[in-house]
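In what follows, a single structure is set out as structure tokens and then discussed.
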Amino acid sequence: METAVLAAEERVLEGLSERQREAVLHGEGPLLVIAGAGTGKTTVLTRRIAHLISSKRARPEEVLALTFTEKAAVEMAERVDQLIPYGYAETWIGTFHAFGDRILREWALEVGLAPEFRVLTRPEQIIFLRERLWRLPLKRFRPLGDPTRHLGALLGLVSRAKDEDIAPSAYKEWASARLATALDPAARDAAERHAELAAFYEAYQQLLAEAGAVDFGDQICRALALLRERPAVLAALRERHRYVLVDEFQDTNRAQLEMIRLLAGPDRPNVTVVGDDDQAIYRWRGAAAGNLLAFRALYKDAREVVLTANHRSTQVILDAAGQLISYNNPYRLEAMAGIDKRLRSLRDAGLPVRHVHFDTISAEADGVAGLVAERLGQGFRPRDVALLVRSNDDADPFLRALNVRGIPHRFTGSRGLYAREEVRVLVCFLRALANPDDSVSLFYLAASEVYRVPETELLRLNRYAVRKSRPLLEVMRGLPANEELAGVGGEARERVDRLLAGLDAAAAEVPHRRTGELLYRFLQASGFLARLSRAADAESEARVKNVAKFFDAVKAYGEVAEHDRVPAFVAHLDLLRDAGDDPAVAEADPDEDAVAVLTVHKAKGLEFPVVFIVSCVEQKFPVKRRSDPLELPADLVEDRLGGAVDAHLHEERRLFYVGMTRAKDELVLTSAADYGTARLRKLSRFVVEALDLPSPAPTPRKSQALEALARHQPAPEPAPGLERPMRDEELLHLSFRQIDDYETCPLKYKYVHRLRVPLLVHHRVVYGSAVHKAVQEMFRARLQGRAFGEDDLAAAFRSAWVSEGFLSREHEEQRLQAGEAALRRFHREEAASPLTPTGVEQEFAFNVERTRVVGRYDLVVERGGRVMILDFKTGDVDDVAAAQKRATESLQLDVYALAHLKTAGRLPDWVELRFLESGLAGGKRPTLDEAARTESRIRDIAALIRRREFSPRPSYMACGQCAFREVCPHTARGPETEERPTA
DNA sequence: TTGAAAGGTATTTTT
DNA sequence: TACCTTTCAA
């Protein structure tokens with residue numbers, strides 16, 4: 001290994017011209033090395049470091065090597081170690097971030113921080129802000145119903161401001177200058193918005209300082225501020241580190257650029273940077289060519305070395321990649337700085353780059369697996385082959401296809417730990433322990449592989465619990481003495497006993513033991529760990545690793561928590577999850593001989609003999625562009641790229657370039673037309689560009705609706721015994737909620753309406769139902785001719801209030817006040833043109849064949865023969881268009897209309913949603929057409945329910961919102977939600 | 001030709 | 001839920 005690496009390094013040096021070698025090894029003063037893919041970027045840098053030290057030009061501690069990623073730092077240190085094994089111990093090799101951290105810790109007291117200040121992770125930032133929400137100067141970014149909805153976006157803005165090295169004071173100044181000169185209302189509004197954002201930024205920094213904490217990325221910012229304000233500190237650092245070397249300079253952001261400028265200084269700049277703009281794949285404004293140009297502008301006399309001799313790939317691959325990247329002109333260094341960066345292969349010509357197109361994604365996955373198998377037959381090792389994907393989710397079908405063919409493979413994703421079965425069991429155990437009423441978790445735990453309570457019996461216990469409105473745990477405890485449940489079998493009883501014994505034993509320990517200890521005992525006592533470790537296959541190994549990883553999280557909590565006990569940990573975990581925290585599953589053994597499936601980002605810096613870039617279609621690669629939820633003002637951000645027209649597309653193209661240049665011998669690009677979505681996909685423009693194909697014909701046909709439906713249907717689950725289909729003549733009751741839930745996901749319907757797994761109350765439900773009840777009371781009084789004043793309404797609201805599910809006492813108080821204020825306003829506004837209801841909470845029921853649809857109208861108003869049905873809603877809808885959209889799409893209103901048609905013989909003249917907080921309304925005039933469509937919709941769903949068809953329908957949005965996402969084994973990854981949604 | 005409505009889709013990753 | 005693209009209607 002060592003000699004191989006050294007030999008490779010020799011090759012790199014041999015590839016250099018005399019002048020280049022001289023510059024790299026012996027050069028003094030600023031040096032810019034532009035090193036294309038596979039030309040030995042790290043080699044040049046490590047050689048230079050080793051040379052500086054071994055030639056005694058620099059003492060080891062005078063050399064400072066900065067990288068962008070941890071991975072790069074480790075690799076660099078290893079290679080220097082091979083060159084001068086013991087000579088570099090004092091050399092600082094690490095990331096920019098770690099370096100900023102070190103400076104800050106050394107001088108922490110100078111900037112008013114204790115040296116042991118805490119660094120908050122991203123999820124911790126959200127938790128931190130949530131707890132202090134009420135002290136933040138937020139108005140328009142803290143909407144009524146959901147106080148934390150914008151925190152993620154706000155933090156994103158702050159972190160971008162930090163990357164751009166914009167201080168809160170600078171932002172504030174800018175905003176108030178804007179405010180002073182804004183003339184028209186639109187400009188004024190924009191300026192006010194930014195003033196608020198700037199105030200938030202400042203307040204947040206203040207809060208962090210008070211708490212003795214900084215957030216990720218802040219170390220560099222604060223270190224910079226320190227260096228600017230204390231010239232003595234800066235001088236000391238410059239004295240210490242006379243040589244600064246930077247790897248991967250193209251991915252460096254503005255604050256890091258500034259750090260180099262300060263450290264190297266204009267007077268004595270002994271700085272070397274190595275980079276290649278075409279491989280910049282992390283989107284920070286002005287990175288890529290912009291940073292390299294900024295460096296050139298800063299050090300006009302810098303020596304420049306361009307490395308183009310490629311040791312990795314065949315010329316065919318390099319040419320295709322070069323052709324692709326030329327589409328980024330003129331925003332490339334090559335074009336902007338007049339450099340020739342065309343890569344020359346030092347190898348034979350090689351196989352042509354291929355593009356293979358398939359009809360469907362499954363054909364593509366299968367085809368690729370077939371091609372991989374072919375290569376293995378030709379004598380390639382599995383580890384020689386890589387499948388590169390653009391998004392983690394794209395890997396799924398390929399993993400399955402490799403699995404089917406029995407080809408060893410490993411996938412390196414970047415999240416998903418909490419979704420793993422073995423981790424879920426642990427979480428449910430802790431939840432059940434922390435909250436005995438949490439029947440969802442208990443249910444899952446009982447059904448899990450640890451206790452295996454038979455599902456049919458478990459359902460029975462659960463139904464009984466629901467009927468008696470008691471927690472499942474209580475029913476389990478009362479099982480031996482319960483005559484109604486005498487029919488529950490012996491096996492189930494025995495397993496329930498084991499479960500209860502396990503829980504009781506653990507519960508007794510809760511006050512005395514730390515979370516980790518308790519969890520460990522559970523694993524041992526239940527035999528779960530033993531069973532996992534006994535199995536010798538790779539899958540079990542992975543599971544054990546994941547369990548270990550979860551233990552790390554538990555341990556990490558124990559290290560910072562004041563009281564490391566289960567209830568506190570569960571609360572902490574819930575917050576983390578809500579904040580979008582989802583660590584990666586455990587890494588597979590890197591030495592394992594397996595086909596690598598990974599994202600292109602993860603592949604940066606790696607190489608493989610055979611590379612497949614899969615799913616090369618528009619919208620996937622390049623991915624659709626997503627704009628920032630909150631934009632930094634453009635004139636605060638220094639543009640280092642001369643206003644590139646489409647920065648997003650350029651970055652995607654660089655990413656594709658990185659993917660292509662990973663290949664040593666063979667590169668295959670694949671695509672398909674049909675990815676199971678309603679629309680057919682177009683071939684990626686990158687394939688067209690790289691291979692010089694004719695522009696693809698426009699999408700030829702639309703896929704048949706039925707075909708699309710069939711694709712959505714997942715493989716049928718083996719149905720558990722109990723669920724016999726309903727006989728046709730049996731009556732099925734359906735409510736609007738049930739229909740809606742079934743449409744969202746049949747499995748959710750099963751959880752909510754058949755299993756009736758009880759849910760913990762969410763604050764939005766408390767709020768909504770209290771408002772609703774109050775309004776109902778008001779109209780009922782009006783119907784009866786009673787007076788009902790504003791105060792009565794407020795009183796009704798408060799008496800309907802349940803104190804449950806709120807984030808904090810302050811949050812609850814704020815919601816109470818908000819609700820009351822909204823109701824009072826509603827009362828006043830309504831008094832201007834009072835509704836005269838003819839029905840309040842009026843129940844209805846009608847049949848669609850043997851299905852009885854039941855429900856109630858909130859409010860019916862009949863006047864002059866016109867019938868209007870109203871439904872009241874809470875939740876932030878703050879413009880007319882949104883309200884109207886909600887109404888147009890409302891299944892609930894459709895059901896109302898159909899109900900009125902069926903029961904009164906005619907359609908209502910108007911159906912409407914009223915949004916109480918904003919006073920906005922959206923409505924529509926029902927049509928017979930629509931009613932017929934609603935009826936057939938109901939008929940279809942009823943038929944499926946009768947067949948007991950409860951296959952999950954995981955989807956991006958539905959799963960992110962679903963209350964069962966913790967326990968549902970089919971969860972698709974949802975968007976980061978900062979709030980736990982309601983059922 | 002224009003505008004509104006319906007319909008489809010959802011990223012990667014650093015510290 | 002928010003954005004974008006396509007389709008439909010005027």
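Numbered from 1 within each chain, the chains take letters A, B, ... in sequence-line order.
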**OP:** Give K602(A) one of three labels, base, sugar-phosphate or nothing, depending on what nucleic acid heavy atoms sit under 4.0 Å from its own.
**Re:** sugar-phosphate

**OP:** Assign E70(A) to base, sugar-phosphate, or nothing according to its heavy-atom contacts below 4.0 angstrom with the strands shown.
**Re:** sugar-phosphate

Original post:
Hey, what's the ring geometry for F656(A) with F686(A), parallel, tilted or perpendicular (30° and 60° as the breaks)?
Top reply: tilted

**OP:** Would you name the heavy atoms of L113(A) and A213(A) that are closest together and state the gap between them?
**Re:** CD2-N, 4.3 Å

**OP:** Check whether the ring centres of F612(A) and F398(A) lie less than 6.0 Å apart, and answer yes or no.
**Re:** no

Original post:
Could you give the CG-to-P distance, from D215(A) to dT14(B), as a whole number of Å?
Top reply: 17 Å

Original post:
Between E631(A) (CD) and dC3(C) (C1'), how many Å, whole number?
Top reply: 14 Å

In terms of side-chain heavy atoms of [X], which of [options] is nearest?
X       : options                  : value
F216(A) : dT15(B), dT14(B), dG8(B) : dT15(B)
H601(A) : dT13(B), dT1(C), dT15(B) : dT13(B)
R681(A) : dT9(B), dT14(B), dT12(B) : dT9(B)

Check nucleotides 5-7 of chain B for protein N or O atoms closer than 3.5 Å to its own N or O atoms and list the pairs.
none

Subject >> Side-chain N or O of T69(A) closer than 4.0 Å to phosphate OP1/OP2 of dT14(B) >> reply: no

Subject >> Any N392(A) side-chain nitrogen or oxygen under 4.0 Å from OP1 or OP2 of dT12(B) >> reply: yes

Would you check if there is a donor-acceptor pair between the side chains of [Y] and [X] at a distance under 3.5 Å?
X       : Y       : result
D215(A) : Y204(A) : yes
E258(A) : Q256(A) : no
T927(A) : E930(A) : no

